[in-house]
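Take a look at the structure set out below.
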Number of protein chains: 2
Amino acid sequence: MKTYGQFCGLARALDHVGDRWTLLIVRELLIEARRYSQIREALPGVATNLLADRLRSLEADGLIWKRPDGTYCLTAFGRRLEGAIHELVRWGAEWMSAGRGSDHFRPQWLAVALGALLAAETVGGVEIHADDEVLHVTDGRVSLGPLERPDAVIRGSAEDILAVAAGMLPISALSVRGDSNAVTQLMRRRDNVGSTTTFSDT
Amino acid sequence: MKTYGQFCGLARALDHVGDRWTLLIVRELLIEARRYSQIREALPGVATNLLADRLRSLEADGLIWKRPDGTYCLTAFGRRLEGAIHELVRWGAEWMSAGRGSDHFRPQWLAVALGALLAAETVGGVEIHADDEVLHVTDGRVSLGPLERPDAVIRGSAEDILAVAAGMLPISALSVRGDSNAVTQLMRRRDNVGSTTTFSDT
DNA sequence: CCGGATCCACTAGGATACTG
DNA sequence: CAGTATCCTAGTGGATCCGG
């Protein structure tokens, strides 16, 4: 990308992660370390050379790192984009209410969405079965895989779980077992989500 | 921009604000409502047709609104991007340490940078004279213009003030009058800024 | 099969000239 | 002043091919 040539944090940030696909690559690696072909299949439509280009740039900029086993992995610096990505996910939740339509969907994306949308102050562990994917939430952090002794277990389609987290469906749309208190506490959405578009001055 | 076609908050957000220049336009309107030509001169290098395109899209998406007097103004929905922009500014602070170089710089950009970098819990008012620009901070919010009864007044070049806020220079690089306590409290940077790039696993 | 590289058609972006 | 109209270039998308 051509640099904006502005001495401004936003412009400098966009100089490095403002390119098309770049933040989506970071999103994938935020979920877990991935191989080239795993990233590619998670990003339908990306050209192979473009993905290779982006990975090279991200590595040169110190955001990602290629492990000896061939998986790409975020550095600590790259992971510090999580806050910005979560903010964008929360803002983008507004555009989710139009429904899925014919868009692609991967259950793993739930990990990022839930990390951004769920209440951070949750105590205890909740296991989530979304379609065939299993993930869990502890202390407001979302990770892939099951939990040893979950306080509650939620089951539903990934789409429904996402819709509940985004406030588009009531919690009753999901099957919940165990401590239902932990679940309602978990699903209390963060700020900055779901207000209607209004026009104001100043 | 071509849509990513992904049912994901991040992808949907980028479908609307991921285009080149778009977030910088939002940044300008976050500072204050602006006319077409004011936006253009704040974004050196933007093509006139491109700016017109972006403004049309942003208006169609309900992020901005054209007032009867011809100034473009953020809607409440558009202003909800402030959190994401602040996060990007904080992340981008890492790239500011390379110095200004030959990049453009506008004193007004300080308003956004300070809003992102300064401690939000500040009490009292601090007036900032950056070159010929005057702005002030109250309750962690930054606005253009002077303050009625400031607790402290900071003077310096906009570049130095930015550098202090980003932690690249000590507070002693600036001239401070009044309650120096309020100033040191103000300049205590938020999290997520300034750690060195390290490589870690997992 | 994985991890790309190469080629080509297409589209978005950049620079400048021009207009109501 | 606030854009529109062009032209040209760089970046993107899609398909295919290639070496390990």
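These numbers come from a predicted model, not from an experiment. Letters go in sequence order (proteins before strands), and every chain restarts at 1.
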* How are the rings of B:H16 and A:W95 set relative to one another: parallel (under 30°), tilted (30 to 60°) or perpendicular (over 60°)? -> parallel
* To do: Considering non-hydrogen atoms only, spot the tightest contact between A:L162 and A:A113 and give its length.
  => CD1-CB, 3.4 Å
* Asked: Going by heavy atoms in the side chains, are A:L114 and A:L135 under 4.5 Å from each other?
  -> yes
* Sub-4.5 Å side-chain heavy-atom contact between A:L110 and A:I161 -> yes
* Asked: Of all the choices, D:dG3, C:dG4, D:dG13, which nucleotide is nearest to the side chain of A:R40 once you look at every atom?
  -> C:dG4
* Does the side chain of B:Y4 get closer than 4.0 angstrom to OP1 or OP2 of D:dG13 through an N or O atom? -> no
* To do: Nearest whole angstrom, please: distance from the P of D:dT9 to the CZ of B:R20.
  => 18 Å
* Asked: Quick one: A:I39 CD1 to C:dC2 C1', roughly how many Å, whole number?
  -> 13 Å
* Are B:K2 and C:dG13 close enough that a side-chain N or O sits under 4.0 Å from OP1 or OP2? -> no
* Is it true that B:E59 and B:R56 have a side-chain N and a carboxylate O under 4.0 angstrom from each other? -> no
* Rounded to the Å, how far apart are B:D53 CG and D:dT4 P? -> 8 Å
* To do: Starting from P on C:dG4, measure out to CD on A:Q38 and report it in whole angstrom.
  => 13 Å
* Side-chain N or O of A:R54 closer than 4.0 Å to phosphate OP1/OP2 of D:dT12 -> yes
* To do: Taking only the side-chain nitrogens and oxygens of B:W21, find out if one of them lies under 4.0 Å from OP1 or OP2 of C:dG14.
  => yes
* A:I25 CD1 - C:dG3 P separation (whole Å) -> 14 Å
* Asked: Less than 3.5 Å between a donor and an acceptor, one on the side chain of A:T48 and one on the base of C:dA5, is that the case here?
  -> yes
* Between D:dT12, C:dG3, D:dT4, which nucleotide gets closest to the side-chain atoms of B:N49? -> D:dT4
* **Side-chain donor or acceptor of B:D151 paired with backbone N/O of B:G125 under 3.5 Å** => yes
* To do: Respond yes when some side-chain nitrogen or oxygen of A:K66 is under 4.0 Å from OP1 or OP2 of C:dG4, and no when none is.
  => yes
* Expressed in angstrom and rounded to an integer, what is the separation of A:L50 atom CG from C:dC10 atom P? -> 19 Å
* Does A:S37 make a side-chain N or O approach to OP1 or OP2 of C:dG3 shorter than 4.0 Å? -> yes
* Protein-nucleotide distance (B:D15, atom CG; C:dA12, atom C1'), rounded to Å -> 15 Å
* Could you please name the option among C:dA15, D:dT4, C:dG13 that lies closest to any side-chain atom of B:R56? => D:dT4
* Asked: Once you round it to whole Å, what is the distance between C1' of C:dC2 and CZ of A:R34?
  -> 16 Å
* To do: Check every strand shown and say whether B:A52 touches a base, only sugar-phosphate, or nothing at a heavy-atom separation below 4.0 Å.
  => sugar-phosphate
* Structure fact -> Testing D:dA2, D:dT12, D:dA5 for proximity to the side chain of B:Y36, the answer is D:dA2
* Quick one: label B:G45 by what it contacts on the DNA or RNA (base, sugar-phosphate, nothing), any heavy atom closer than 4.0 Å. => sugar-phosphate
* Asked: Does A:R35 place a side-chain N or O at less than 4.0 Å from the phosphate oxygens OP1/OP2 of C:dC2?
  -> no
